[in-house]
Novice: 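Below is one structure. I have some questions about it.
Everything numeric here is computed off the predicted structure, so don't read it as measured data. Order of the sequence lines fixes the chain letters, A, B, ..., with proteins taken first and strands second; residue numbering starts at 1 for each chain.
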Number of protein chains: 2
Amino acid sequence: MAKRQDKRAEVIDLLAVHFLDTGLSDTGLRRLAEVAGTSDRMLLYYFENKEELVAAVLTHIASGLSASLTDMFGNRPLPPSTLLETLWAAAKSEAFKPHLRLWLDLAANANRGDPLLISIAQQISAGWIDWMANLLDVPAAEKNATAALLLATVDGQLVLFPGEIARGEAAIQQLISLFKHWSQAVSVC
Amino acid sequence: MAKRQDKRAEVIDLLAVHFLDTGLSDTGLRRLAEVAGTSDRMLLYYFENKEELVAAVLTHIASGLSASLTDMFGNRPLPPSTLLETLWAAAKSEAFKPHLRLWLDLAANANRGDPLLISIAQQISAGWIDWMANLLDVPAAEKNATAALLLATVDGQLVLFPGEIARGEAAIQQLISLFKHWSQAVSVC
DNA sequence: TAAATATTGTAGCGCCTGCTACAAGTCTAA
DNA sequence: TTAGACTTGTAGCAGGCGCTACAATATTTA
């Protein structure tokens, strides 16, 4: 009688897509039930309450993302300018946009003190820092700071609005050129 | 009979404080009425509807912020590393934290397509870019890109959570040292 | 003073929210 | 086959939402 668990997993899959599409605002139980092809009554049978449902879907999305990041970038160490370039290209792509918007949504809600969302968001962001730090071809002492800078810069672009893409582009190119200056300075002087 | 306008202005002042304290989530009409010392009925007498109320409060907050930024930084041109240092110190201060959290809230909601919030947020962010660009002591061609990078970096720190301040600190220091490298390189080589 | 206008209270609409009580159906194990 | 657990539908609760109809009061104007 593991039907309950099977259905639960299926619901999580379907709702992950919906969350990525529409964020954390359109999350009434009746609406989610419709999206998942079931009833609100059943959602509360599969999950203890709405909070547990949301947490399950978000962690599912997070683990999926970190898997696909590893797939995409591999393990070869990269200089910061290259990593940033690749990361920015990914961030601009349609494939990743939903993840970034959801991440912004999550951050905004977590910033208002919801402890559950805080812990989920912390977990996700720590994962990203670790992943980037390992990938960076810089002195060990600077790995974490550089990773933090890259993440903060890309995150900062999330606070862009339609018609402001040029602004983000300029910021990223500026940082890329700073990184190149820096590595030249190290090798030349 | 300008009592209506007077009350309207008073309500805006009171609600600005409340928005800065609690963000854009706790905005039921009955709750706002309580905070403003009036009734929901009267809020809809002073304002056409809730949307107009929120817009009025947000633009009031925005203009207050830009005034205090000008007060604080003056007009003297600053190198990017200094501006970033000062900006970061301000961003960490308790006085500015409410503004930054509200800004994140606004960005997250605007990103979901609300046209009213989008235009308010665009207006605010354009104001910041202009203000920073004018203040930066860098070649004219690089003003906008550098301002965008600074804003993006500070904005990126908004996506931090309790216990992660160290990460933000590291990112900012990293960028400051990149800027210093860059200006040394320009003057030495 | 009387008429017109501005301000405010009371009460409630229809719709949404997360959640639950209860009963009926379905399946599995003895 | 029957008892028990598992799964699901129906209906509804209490409370919130933005908003409004209507009437009463207060204030200004003629």
Side-chain angles (χ1 to χ4, degrees), chain A residues 1-16 18-19 21-59 105-106 108-110 112-118 120, chain B residues 1-16 18-19 21-59 105-106 108-110 112-118 120:
Chain A
M1 276 223 184
K3 187 170 181 185
R4 185 177 187 166
Q5 297 306 320
D6 292 353
K7 281 293 255 174
R8 196 185 135 109
E10 185 190 331
V11 163
I12 290 179
D13 275 341
L14 289 169
L15 291 188
H18 179 250
F19 275 36
D21 275 354
T22 64
L24 294 175
S25 49
D26 186 20
T27 57
L29 279 182
R30 288 161 179 86
R31 175 88 184 97
L32 295 184
E34 186 186 335
V35 169
T38 178
S39 68
D40 59 332
R41 173 64 184 76
M42 291 315 294
L43 287 184
L44 292 169
Y45 176 61
Y46 304 138
F47 303 88
E48 191 147 331
N49 50 36
K50 185 186 168 177
E51 198 178 36
E52 198 220 322
L53 192 172
V54 171
V57 175
L58 287 180
T59 51
D105 238 3
L106 182 54
N109 284 303
R112 287 301 160 190
D114 182 327
L116 180 72
L117 294 185
I118 287 181
I120 295 178
Chain B
M1 276 227 180
K3 188 171 177 183
R4 185 178 185 164
Q5 296 307 319
D6 291 353
K7 282 292 256 176
R8 195 185 134 108
E10 186 190 329
V11 163
I12 289 179
D13 274 341
L14 289 168
L15 292 188
H18 179 250
F19 275 36
D21 275 355
T22 64
L24 294 175
S25 49
D26 186 20
T27 57
L29 279 182
R30 288 161 180 86
R31 175 89 184 96
L32 294 184
E34 185 186 335
V35 169
T38 178
S39 68
D40 58 333
R41 173 65 185 75
M42 291 315 295
L43 287 184
L44 292 169
Y45 177 61
Y46 305 136
F47 302 88
E48 190 147 333
N49 50 37
K50 185 186 167 177
E51 198 178 35
E52 197 220 322
L53 192 173
V54 172
V57 175
L58 287 180
T59 52
D105 236 2
L106 182 54
N109 284 303
R112 286 302 160 188
D114 183 327
L116 180 73
L117 294 186
I118 287 181
I120 296 177

Novice: Looking only at atom types and distance, does a side-chain atom of B/Thr59 sit under 3.5 Å from a main-chain N or O of B/Ala56, one as donor and one as acceptor?
Specialist: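 Side chain of B/Thr59 to backbone of B/Ala56, a donor-acceptor pair under 3.5 Å: yes, one is there.
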Novice: Rounding to an integer number of Å, can you tell me how far A/Leu44 CG sits from D/dG9 P?
Specialist: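 Distance check: A/Leu44 CG to D/dG9 P gives 13 Å.
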Novice: Any side-chain to backbone donor/acceptor pair from B/Arg30 onto B/Asp40? Under 3.5 Å, distance only.
Specialist: no
Novice: Using a 3.5 Å distance criterion without hydrogens, assess whether the side chain of A/Asn109 forms a donor-acceptor pair with backbone atoms of A/Arg112.
Specialist: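 Checking the backbone N and O of A/Arg112 against the side chain of A/Asn109, no donor-acceptor pair under 3.5 Å is found.
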Novice: For DNA chain D, what residues of residues 27-39 of chain A have any heavy atom nearer than 4.0 Å?
Specialist: A/Arg30, A/Ser39
Novice: Is any N or O donor-acceptor pair between the side chain of A/Asn49 and the base of C/dC19 shorter than 3.5 Å?
Specialist: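 Looking at the base of C/dC19, it does not pair with any donor or acceptor on the side chain of A/Asn49 (distance under 3.5 Å).
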Novice: Ignoring the backbone of B/Met42, work out which of C/dT7, D/dC22, C/dG18 is nearest its side chain.
Specialist: C/dT7
Novice: Rounded to whole angstroms, how far apart are CD on B/Glu48 and P on D/dG18?
Specialist: 16 Å
Novice: Between B/Lys50 (NZ) and C/dC16 (P), how many Å, whole number?
Specialist: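 These atoms are roughly 16 Å apart.
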Novice: Let me know the distance between NZ of A/Lys3 and C1' of C/dC27, rounded to the nearest Å.
Specialist: 9 Å
Novice: How many Å lie between CG on B/Asp40 and C1' on D/dG16, as a whole number?
Specialist: 12 Å
Novice: Enter the inter-axis angle for the ends of the helix from C/dT1-D/dA30 to C/dA30-D/dT1 (five pairs per end, rounded to 10°).
Specialist: 10°
Novice: Quick one: A/Phe47 CZ to C/dG18 C1', roughly how many Å, whole number?
Specialist: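 These atoms are roughly 15 Å apart.
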Novice: Please report the distance, rounded to the nearest Å, between OH in B/Tyr45 and C1' in D/dA26.
Specialist: 11 Å
Novice: Identify, between A/Asp26 and A/Arg41, the residue whose nearest nucleotide on DNA chain C lies closer to the 5' end.
Specialist: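 Per heavy-atom nearest nucleotide, the more 5' residue is A/Asp26.
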Novice: How is A/Tyr46 classified with respect to the nucleic acid when contacts are heavy atoms under 4.0 Å: base, sugar-phosphate, or nothing?
Specialist: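 Sugar-phosphate contact only.
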Novice: Using a cut-off of strictly less than 4.0 Å between a heavy atom of the residue and any atom of DNA chain C, enumerate the qualifying residues of residues 6-13 of chain B by number.
Specialist: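 Output list: empty, so none.
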Novice: Distance-only, no hydrogens or angles: does the A/Asp105 side chain make a donor-acceptor pair with backbone N or O of A/Leu24 under 3.5 Å?
Specialist: yes
